[in-house]
Amino acid sequence: MTRFPYLRQDFAASLVVFLVALPLCVGVAVASGVPAELGLVTGIVGGLITGLLPGSSLQVSGPAAGLTVLVFEAVNEFGLPALGVIVLAAGLLQLLMGALKLGRWFRAISVSVVEGMLAGIGLVIIAGQLYAAAGLKAPASGIDKILGLPGAAVDAFGSTEALASLAVGAGTIAVMVGWKKLPKKAQTVPGALAAVVLATVATLAFSLPVASVEVNGLIDSIQPPGADAFGELAGPALIGTILAFTLIASAESLFSAAAVDRLHDGPRTQYDKELMAQGAGNAICGVLGALPMTAVIVRSSANVAAGAKTKASRVLHGVWLLLFAALLPSVLALIPLPALAGILVHAGWKLIPLRSIAPLWRTHRGEALILAVTAVSIVAVNMFEGVLIGLALSVIKTAWETSHVKLEVIDKGSGPVQAYLSGNATFLRLPKILDSLERLPQDRPVELDTSGLHHLDHACRTALDVWAERHSTAGTEPVKVTAPA
């Protein structure tokens, strides 16, 4: 015991994390359009491989709801065999970025972009899983999912099977929401697991006509990518998808690490090593043809709250997932699909930062706008382009805010008019600068002092030279410009 002083705490925490992870692994896989067992494979790799590696000691990795939309789109477009290639390539990129010590730079990504990304993902997950809860086929694009909901509601209320399926999904959500209000002893059992068990029991007891999880067997579900799948790497569409997987999985993992660090007093996350740990896990998941992994805040916070002290808890949770997948695979066939849809609707709702939007709008409207535009772009276009739009807006906003420039004019009534420019003169502020300078008198000498500028870009320098050359009328002394130091 002296060698493992926290074995009791880590063992207990691992059981809690296992019970939290089990329904989420299965639910994320089904929602992603892949066999349920592949979600368990990713959870096992996240525990046994990523869990052993250095980086963050208490955060737990596995299939994440945040990548569900991207995986579903990739499987639809390229097919299931290509998923392994995508995940393998993303993992290798993460390993490279970690080796180049780029992990810490992910903390420079605007929080508004990340929250907007998660909000957009949450909206698409909720819309898509509402169809699944009713046993209906969801449209492919995010915007079609949302626009098609009224018609889907009409179809559902006209079908007994769809109403039964919706009742199971709604009951699952109700149990998860209400579970938090029970005494703490009852909450030892995770709400998601309790909801799935109760939904399964109700479905069997009342013989409800709802679909259940299809079981293929763990070995049969693992399909390493073949040579044909690697041949698609030449296509720009697949490369764009790989970059999207890499960016989003890395950002989500490292933001999760920062959040987990605030929950405990243990060792802090080493971001570059954590990025490499995630890369190693994703590379192995890719070889196995499984889902991509990220660090997941739901499992990680459950791990900390359950009293985990070392990485042993997350490794053991991977052992329990492996034993379940090997010894009790037939149990999966009993789980009703609308129950998993309910879990994903609940998870999608938690991705939307509803509590922070109003305060953000009051204090930083620009950041709130970036969040909203990123979310809407993901719903309207797709994941990758939506995130790029958010990042572009964030860069533009930062450039605008940092390009402050001040023009001070001193006119003593006689002698030359003195103008002083200070700050950062960039093309973004050029219209404002020229408007102010053109209002200076043209029939008197003007002295423009730009020595107070910290930065003067080429566009501004050229525009100031042209203005100085043309400003003064004939017979008036030309404008004198003092260059910045």
Side-chain angles (χ1 to χ4, degrees), residues 1-29 36-64 185 187-194 196-197 218 222 253 256-257 259-261 263-270 273-274 276-285 288 290-329 331-332:
M1 289 296 292
T2 54
R3 189 175 177 184
F4 303 101
Y6 302 111
L7 183 59
R8 180 180 300 176
Q9 295 96 319
D10 289 333
F11 182 85
S14 72
L15 291 174
V16 173
V17 177
F18 160 68
L19 296 175
V20 171
L22 179 60
L24 287 173
C25 286
V26 177
V28 168
E37 290 87 350
L38 291 183
L40 293 175
V41 171
T42 300
I44 292 165
V45 174
L48 299 183
I49 305 301
T50 305
L52 278 172
L53 296 174
S56 175
S57 59
L58 296 183
Q59 78 169 354
V60 183
S61 300
K185 288 186 177 179
Q187 293 185 41
T188 304
V189 178
L193 182 70
V196 168
V197 170
L218 189 63
I222 296 175
S253 294
S256 171
V260 173
D261 279 351
L263 299 177
H264 67 90
D265 298 322
R268 304 292 91 180
T269 295
Q270 297 172 287
K273 290 183 178 180
E274 178 61 19
M276 294 187 74
Q278 295 294 325
N282 272 319
I284 292 173
C285 286
L288 297 174
L291 289 172
M293 76 166 61
T294 72
V296 187
I297 189 63
V298 175
R299 283 163 236 180
S300 303
S301 58
N303 190 37
V304 175
K309 299 296 182 182
T310 71
K311 65 176 66 175
S313 61
R314 61 187 192 180
V315 176
L316 284 173
H317 118 276
V319 173
W320 310 142
L321 285 174
L322 177 59
L323 291 175
F324 177 87
L327 303 177
L328 299 171
V331 173
L332 295 177

Leu327 side, atom CG; Leu322 side, atom CG - distance, nearest 0.5 Å: 8.5 Å
Nearest-0.5 Å distance, OG of residue Ser57 to NZ of residue Lys309: 11.0 Å
For Met293 against Cys285, the heavy-atom pair lying closest together: CE-SG, 3.7 Å
Residues Ile297, Val260; criterion side chain to side chain contact (heavy atoms under 4.5 Å, CB included); working and verdict: CA-CA 7 Å; Ile297 189 63; Val260 173; 3.8 Å; yes
Spacing of CD belonging to Gln59 relative to NE2 belonging to His264, to within rounding of 0.5 Å: 8.5 Å
Leu321 and its side-chain contact (heavy atoms from CB on, under 4.5 Å) partner, picked from Leu40, Thr42, Leu48: Leu40
Heavy-atom closest pair, residues Gly281 and Thr50: CA-OG1, 3.5 Å
Rounded distance [0.5 Å steps], NZ in Lys311 versus OG in Ser14: 15.5 Å
Any Phe18 side-chain heavy atom under 4.5 Å of Val60 side chain: no
Nearest heavy-atom neighbours spanning Pro63 and Gly39: CG-O, 3.5 Å
Residue pair Ser253 / Glu274, side-chain donor-acceptor N/O under 3.5 Å: no
Arg314 side-chain N/O to Ser61 backbone N/O, donor-acceptor pair under 3.5 Å: no
Rounded distance [0.5 Å steps], CG in Leu19 versus CZ in Phe324: 10.5 Å
Interatomic spacing from CG in Leu332 to CG in Leu218 - rounded to 0.5 Å: 9.5 Å
Side chains of Arg299 and Cys25 in contact at under 4.5 Å (non-hydrogen atoms): yes
